[in-house]
Every structure is written in structure tokens, then in C-alpha cells.
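A short worksheet on the structure shown next.
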Amino acid sequence: MTAVNGDQVASDSYDARALQDKWQARWAKEDPFTASEDPADDRPRRYVLDMFPYPSGDLHMGHAEAFAMGDVVARYRFQLGENVLHPIGWDSFGLPAENAAIQRDSHPAEWTYANIETQAESFKRYGVSLDWSRRLHTSDPEYYRWNQWLFLRFFERGLAYRRHGLVNWCPKDQTVLANEQVVQGRCERCDTEVVRRSLNQWYFKITEYADRLLDDMAQLEGKWPERVLLMQRNWIGRSDGADVEFTVEGRGEPVTVFTTRPDTLYGATFFVVAADAELADELCAPEQREEFEAYRAQAAKLTDIERQSTERVKTGAFLGRYAINPVNGERIPVWAADYVLAEYGHGAIMAVPAHDQRDLDFALKFELPVREVVDTGEGDPAETGIATAGEGTLINSGPLNGLAKSDAIPRIIEILEERGTGKSAVNFRLRDWLLSRQRFWGTPIPIIHCPDCGEVAVPDDQLPVKLPENLKGADLAPKGTSPLAAAGDWVNVDCPKCGAAAKRDTDTMDTFVDSSWYYLRYCSPNLDTAPFDTEKVRAWGPIDQYVGGVEHAILHLLYSRFFTKVLHDMGMVDFTEPFTRLLNQGQVINQGKAMSKSLGNGVDLGDEIDKYGVDAVRLTVVFAGPPEEDIDWADVSPAASLKFINRAFRVMAQAGAASEPGADPSTGDLALRKATHQTIDKVTAAVEAYRFNVAIARIMELVTAARKAIDSGPGAADPAVREAAETIAITLSLFAPYVAEEGWERLGHTGSVAIGNWRTADPALLVQESVTCVVQVASKVRDKLEVSPDISEEELERLALASEKVQGFIGGKTIRKVVVRAPKLVNIVVG
RNA sequence: AGGGCCGUAGCCCAACAGGUAGAGGCGCAGAGCUUAGGACUCUGACAGUGCGGGUUCGAAUCCCGUCGGCCCUACCA
């Protein structure tokens, strides 16, 4: 099937390609989707945003789905007559450009900007209602300058800092990765096993905002997908418990441990320090030194994947020291082990083998004592090998004896606080955001390292620190240090403070910095005195509807929320959450699997559009199912969508040929008018509820009803047919913009159908004069009655009992109860 | 290992707050139109909601268990 030909009467045929060219040119000329900044414009403002694309080649099926969904929301708002901001830009820094440049011996900008042009053209063809005047690219110095400016503000506030630490290193990409970019011990980008390296790196102090990132989720409840909120909650990973101080023999300062189970303090039978923590090194007694060093070296060799395997048996080394339990003065041995993490809590734990499986595994391996302090009614952990972590009653615990676990926790914290050896505490799984990258195609970190002054901020008036332009091709190849280090004339500068010879920081920022605030930049994309105009952001923000894939559930969305809060604290934005509502569209897959080159199951968006037209492709992805569900291309039929579009088009064209705009619909066919107004009502409700697939089904019904009215009803000239056809054009404009415009024109209208044309249903046409009431006897349907929708319960009960069929089923049985739900149901319960 | 989401005709999906299981589409069968095919118009058949319990006058919908699929976290103290 092709969209282009057909033997139909010329005036009734829908020629997708011709319409695309025609309306694209019109939209380009008339600019109907540009947001208004006119202060006198008092239409409600609405900010709808799709996650901006990365410019890797042309748009693909995934973009087709995401942008079709976002466009339904934006176009609906345009139809309601609102002042809609629906901008577009490109997330144009990042590794693929750099890799392409190395391969082609060129500059990453060439590949990047060429791809952006291709994608921009594709967006225009795809008919997305975008405001092109606000276009931005994060790789433009005019944009990344403000990354640097923001970095410096963070730096001033102590929210950007540099420290040595064990970091995730991807050996293939030759760069460090944020925690969030490591999935199952592998690089999320290239799937290479990540190794640990100790490096001096820049971090953003996102952990300082952990509580607020968690608490402010209350604002998002019901407006973001529940699973995204859940993933963020898990990722932040708040644990409530207590810090407890243990004295270690031979050390002046006590060692603090974090525990979520301070109630089990009397059951601590040994003490474990992370093997890779400095503390382990410090505590190790001379006679254990050799054994410890050997253990530490062996542990360091393990990859994360090996280390994290739950199957693995516990390993460790005794440090030859003892810690003193602060509540009972007991001496317990101090061990080093790699099952304790240096970066979490204080890098040391009290081990309670009876009630913690990890500690129990360790105790059984090294024959350490196991003492129960909570009676849970289960078997002895020392014998069963199963730690009892549940509820129970405290035993062997001095003053806690007899208390329930939930009462013992606050009680022991009280006791510890009285003695000054502990306090309640909170810990987070969330780590600080590692933002340095040893790659070229990103934002240079605006810091100068001076031998005397240390880390010196590049003064604001010297921003942007632009990327050197003389590096290309092989210069960019990963070497484990940033390629920027090779640009001598770029690196060597004078210290802004003392004027001495100094060097620029040669790392670039994680590209997630770019995307953490771009939605603010759209409000004033060309401003050259600040990252954004705070007044404009006040007028537009926060974003009413954000649309994008669930793959960003943690990374991008968490970072953006963090940035927004920092900017709020700086007084630059007055909201604390950037995205009021979030819609996660699903993936487009094929034959049950993600599309991939190796499987050969890829579907090319351009090919599909050539075959079926933009309208049919858009309609297909939106109609396939609920927006958040994956679409299997093998299960859907763009050919069927095209067929429907043709049906809709013929109705509009025939109605347009038979009547003029402005006909009074009230003289038209009543049944069709009711169908039309039902459709308006139901499509509105479905769109508001993000059930776009259902909205389309409702339009299909109206097309069928109009078809019948033309063929075997009042005929094409009936005013009700015009009303139906206009409603089809208006509602369809959210999903299939080209055919909607063309249909609207055929119906005799001159302007675009897309703006301010949404209609409201006439309530008088929504009322039914009769409804079908189901009469059940013992919950089985036995009769149906046609009744008035406002029938009283008494009347309905009387009618139901009077039914002969019903009487037949009641027989001689006693009526025990009659449930009446007027006007739709009566259930007669017999005994 | 823990947590979450989802199982409805051959297939994709509907079913407002528990109230007639079916809106829409694909596919299939048939009829009209047609030289024929396609296109177009119309008609029809097909499930009792993964499985087992429970609550209720009434369960796809709520609760418990179980099986299957997907996702998240994963030695985080």
C-alpha cells in the first residue's frame, strides 16, 4: 500500500507526501507554535517539554514515539488556546561525537552539527509543534559558558569539590564514571567491566540534598510514574539508625559505626573494618601486618562484579586488635573484610551475627561467637545458619530485656545519648556525583591549578573557557588522561590570583551537567548575562509536562532535581521541583526484542514514513497502547492507521464539498449530533487522562458514525455531518496533524486547525433518554429494562420485580434482599 | 536475596469509583461493489479475565497464596 496513489476521485484522495510538503511550508511561514512573550498576552502559560535528543545520526523509532506523545500534550494545550512553550534543542556534547572524530580524523563538532541539522529537518517533517526560535545546543560556547558559571557558583558554596577517592573507571572509554553510570558493575554505555581506580576528581555534593530529594517527592506523588519515584527512593536509600562509638584498644579516638539495629548492640561479637579503608591500615597490629597486607592486596584485585557476588564466601583478616562494646564493656576482635564498604557509613561495622546474615556467614567461616539478643521464635542462627532479622523480644541485653524490637531501638538510643557514646543517625546510599571526565568533547572545568594558590576559579569575565580548536582526530584518542592536557598553549596560563605560571584543569564535565538545567535556558535562550532570565523562568516554570524515556529515571531526573534545589537556594528559581508532571513513554521494540543491528530487527523511521506517511506513523505509535507501554512493531499496523486516516479524510472532504462553514448544527441529524458531542466529551477526558490510544478509538467511532450518516442517513450536506467532520479535524489534529489541516481546509476554513479550536460538548446532547438496566436474580442477568436515566430506586425496584422473566427465576423462593443501583442495575437476592 | 509492575478473544488493547466482560484496531469468515484483484462499504464468529482460595448481593477490578513475564536495587550495616 502506498499513501501516494489510488484510483479514487482526486478530491477524495489523501496524498501524504504532498500534504506534508504543503503544510510544512505553511507552518514554517506562519509560525503557529512560537510561544508569546508579550506581557499583554494573558492566555494561561503552559510549558511542555520533551527530553532533548542526543544527535547520533537521524531520528529513530524511539524519538518517533516520545515526540508523538509529547506533541499530543502540547497540541492539546494549543487547541485549548493556551500560550504554550514547546521548545527543542540538542544534548550535543558526549562520547560518540568524539569517537566519530577519531575515526574520521576530524573535529567532533563536524559530526555533531551535521547530525543536528539532519534531525532538525526530520523534526520538521514529523510535524512536531515546536518553537524553533529557542533552539539550543549544549556544545555551543554560548551554552556551556553557563555550565562553567554554574560550576563556579557551586564551587563557591562548597557544593563542587575535588578529592582523592576510589572511582569507577571504564577501561574502554578511558574515563571515570559516576555511580549512576555503572550498571551491574559494567559501564552503562559500552558494557565493559568497570575497575576501581584511585584518582583526584571533581564531585558535586548531591548528598547534602539527599533529604530534600527524598522529601520533596511528596510534591510529585500521583504526577510522576510511581515506579520512577520508587527507583529514586531506592537510589537515595535512606536508612535510619544510630551512630555508636566503640573504643579500640590502643587508639585515643573512638571509632564510630553506623547501624540500623542498635537494639542488637548486646549481640555484637566482633567488629569489622572495610579492608580498603585507611582505618584498617591504621588499626592493624604489627604482628598481623603481613597477613593483613596480603589480604588487602588480594581483595584489591577483585573486580566489582566478583566482589559483589552474593554467592562468594566471606573473606577477611584479623587485625590483632580489640574494640570495647560501649554498653557492656565486652572486648570484641577487630577484623578487616571486603564485605564492609569503605564509602558507606563510617567504613566500619559492629557485627551481630545472630541477626544479620552477612555477619553470620562471616562468623561461621571464622568461628566467631554467635549470640542471640532478639528472640524471634525461630531456630538458633548458630545452628540453622539463618540469621533472624525480624521482630521479636530482646534477651541477653541488660536493660533492654523484655522490650520489643521497635521499643528497644529508641530506648538504646536514649541510653547511648545519656552516656555520650552514640546518637540517632541517618545514612544514605546516595554518593556524591562524580563529574570529571577525561575526555575532550565536553565542558572544560573552569579551574586553574596554581602551585601557590591551589584551585583558583576562572574569573566570571573570562568565561567561557572554550575548548581548544586545534585538536582533532588522533589527538582525541583516549589515553587515560584528558586529551586537553596535550594542548600546551591552552593548558599553560597565569594564575588569576597571583600571576604565577599555572595550569588549567584538563578534565571536562559529565554531560549530565548540561542537561541538568537546559529546561531553564529555553526561557531565555540567547541571554548573555546569566544562564537564564529569572523573571522569564518565573513566568514559564516549572515545566508542566515533561516527556521522556524511563532510562533516565535516576540519572538525569535526579540531577535535574538537585540542580533545581541548589538554584532555588541561590534565589534564582522560586520552585523546588523542575518537572510538575512526568510521562515515561515505552520503548519501540520488534518481535519481542529491542531493535539492534546484530538481531537485524531494526525498523527505520524514515522508511516507515516514506511508506505510510507521517500521520500514519504517528497515529500508529500513539494508538498502539497506553503511552508508557512498549510497542512491538510486529503487533501494530501502520497500514491500518493509513486506512483510517483515509476514511477520516474522505468524511471531511465530502462534508466540505457538500456544505459551507457556519451552518447551524442544531437543524442537523440528532443521532449524529449526539455521537459528535459524546466524542468531544470522551476524547477530552481520555486526553486529560493520558489515555491517548482510547482517544483515538473514540475518533474512529465518530468517523464510522459520520460515514453511515453520509451513506445511509441524512447525507453529506446535513449540518450534523459538517459538525462531525469538523470535530474529526479538530480532535485528529493532536495525532495526525497533516490530514487534520488538510481536512479543515477542505471544510472551508482558512486558518490552521491546530490553534484554539477545541470544542466543549453540549451537555444537552450528552443526556440519554433511556438507559439499559440489568436485572439480576442471584447475580445472574435475567432481564434488561429500558428506563429513564433519572428513575427513582423505588420505581426501578418495582419495575424489576414486575418483570415476568424475573418472576420466573424467582419462582417460589424468598426474596432476601434487593440491591438497587439506579439506573443501571437491580440484583434480587433469593434465599 | 529484597522490592515493584503486569497476565482479558488467534494478536494488540478497552472496561469511570467493584455493577451486562468488549470500545477501537489487526487477523479470520462472508456479503455488496468490481471483468478480476486491490481499494471501498457492510455483516459475522471467537474469551469469561494465568491458576487456587477469600471478602462481597455482586470481583478483570479489593485481599492472600501460586505460576509466568518484565523492571529496579543488590554484601549499603
Side-chain angles (χ1 to χ4, degrees), chain A residues 1 5-8 12-13 183-185 225-235 237-239 241 257-261 264 272 274 307-312 314 337-341 343-352 356-359 361-362 427-431 550 553-554 592 619-620 623-626 628-632 634-637 639-641 643-644 646-647 650 682 685-686 689 691 693-701 703-704 707-708 710-712 772-784 816-821 824-830:
Chain A
M1 178 184 306
N5 61 26
D7 305 334
Q8 299 140 16
D12 280 7
S13 74
V183 178
Q184 316 261 290
E226 192 47 50
R227 63 171 174 159
V228 174
L229 295 176
L230 185 76
M231 281 189 236
Q232 293 221 353
R233 245 178 235 119
N234 289 341
W235 187 262
R238 182 184 158 114
S239 299
V257 300
F258 174 73
T259 174
T260 54
R261 292 295 304 278
T264 61
V272 189
R307 205 179 56 80
Q308 287 174 5
S309 164
T310 36
E311 306 300 305
R312 205 176 128 242
K314 294 273 181 289
D338 63 1
Y339 84 93
V340 171
L341 306 175
E343 314 93 77
Y344 185 78
H346 306 281
I349 62 155
M350 65 177 208
V352 184
D356 183 291
Q357 192 60 48
R358 296 156 299 183
D359 297 343
D361 293 342
F362 193 86
N427 250 293
F428 295 93
R429 213 192 71 100
L430 183 71
R431 304 291 150 82
V550 74
I554 299 172
L619 196 78
T620 302
F623 182 57
E628 61 280 2
E629 227 157 84
D630 288 351
I631 298 170
D632 193 328
D635 291 336
V636 296
S637 171
S641 300
K643 222 165 91 178
F644 164 70
N646 267 301
R647 272 162 64 81
R650 278 195 304 277
K682 288 179 172 168
R691 298 192 348 258
N693 54 329
V694 179
I696 293 170
R698 297 285 100 86
I699 303 172
M700 288 172 166
E701 289 175 286
V703 169
T704 301
R707 177 82 263 143
K708 274 188 183 153
I710 292 171
D711 289 349
S712 53
T772 307
C773 175
V774 174
V775 184
Q776 301 176 322
V777 178
S779 304
K780 289 196 178 72
V781 179
R782 297 307 191 187
D783 198 6
K784 292 178 184 181
R816 291 176 51 181
K817 190 174 175 182
V818 181
V819 179
V820 184
R821 291 287 177 273
K824 294 188 75 176
L825 176 129
V826 175
N827 187 8
I828 299 161
V829 188
V830 293

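Spacing of P atoms, B:G53 relative to B:G25, comes out at 37 Å, to the nearest Å. Spacing between B:U43 and B:A36 at atom P, rounded to whole Å, works out to 23 Å. Taking atom P on both B:G24 and B:U66, the two are 39 Å apart, rounded to the nearest angstrom. Taking atom C1' in both B:A9 and B:A29, one finds a spacing of 16 Å when rounded to whole Å. For the P atom pair drawn from B:G44 and B:A14, the interatomic distance equals 24 Å after rounding to whole Å.
Using a 4.0 Å heavy-atom cutoff across all strands shown, A:Lys682 reaches no nucleic acid atom at all. In this structure, A:Val819 reaches the bases: a heavy-atom distance under 4.0 Å links it to at least one base atom across the strands shown. Counting non-hydrogen atoms under 4.0 angstrom, A:Gln357 reaches nothing in the nucleic acid. Across all strands shown, A:Phe623 has heavy atoms under 4.0 Å from base atoms, whether or not it also approaches the sugar-phosphate. Among the heavy atoms of the strands lying under 4.0 Å from A:Val774 is at least one base atom, whether or not backbone atoms are also near. Heavy atoms of A:Ser641 sit nowhere under 4.0 angstrom from any nucleic acid atom. If you check every strand for non-hydrogen atoms under 4.0 Å, A:Asn827 touches a base.
In this structure, A:Arg429 reaches the B:A74 phosphate: one of its side-chain N or O atoms is under 4.0 Å from OP1 or OP2. Phosphate proximity of B:A77 to A:Ser239: present, with a side-chain N or O under 4.0 Å from OP1 or OP2. At least one side-chain nitrogen or oxygen of A:Lys817 sits closer than 4.0 Å to the OP1 or OP2 atom of B:C57. In this structure, A:Arg647 reaches the B:U41 phosphate: one of its side-chain N or O atoms is under 4.0 Å from OP1 or OP2. In terms of phosphate contacts, A:Arg707 brings no side-chain nitrogen or oxygen within less than 4.0 Å of OP1 or OP2 of B:C40. Phosphate contact (OP1/OP2 of B:A14, side-chain N/O of A:Asn693, threshold under 4.0 Å): present. Residue A:Arg227 places no side-chain N or O under 4.0 Å from the OP1 or OP2 atom of B:C6.
Mapped onto RNA chain B by nearest heavy atom, A:Met700 and A:Leu230 fall at different nucleotides, with A:Leu230 at the one closer to the 5' end. With the nearest nucleotide of RNA chain B identified for both A:Ala624 and A:Leu825, A:Ala624 has the one nearer the 5' end.
Heavy-atom minimum distance, A:Phe623 versus A:Ala697: CE1-N, 4.1 Å.
The partner of B:A59, taking Watson-Crick or G-U wobble pairs whose two distances both stay under 3.5 Å, does not exist in any strand shown.
A:Thr704 and A:Arg647 form a side-chain donor-acceptor contact under 3.5 Å, judged by distance and modelled atom types alone.
Taking the O4'-C1'-N9-C4 or O4'-C1'-N1-C2 dihedral as appropriate, B:G4 has a value more than 90° from 0 and is therefore anti.
Listed candidates were B:C40, B:A15, B:U20. Nearest to the side chain of A:Arg650 is B:C40. The side chain of A:Ser779 has B:G58 as its nearest neighbour among B:C13, B:G19, B:G58. Across B:C71, B:U73, B:U20, the shortest atom-to-atom separation from the side chain of A:Trp235 is found for B:U73.
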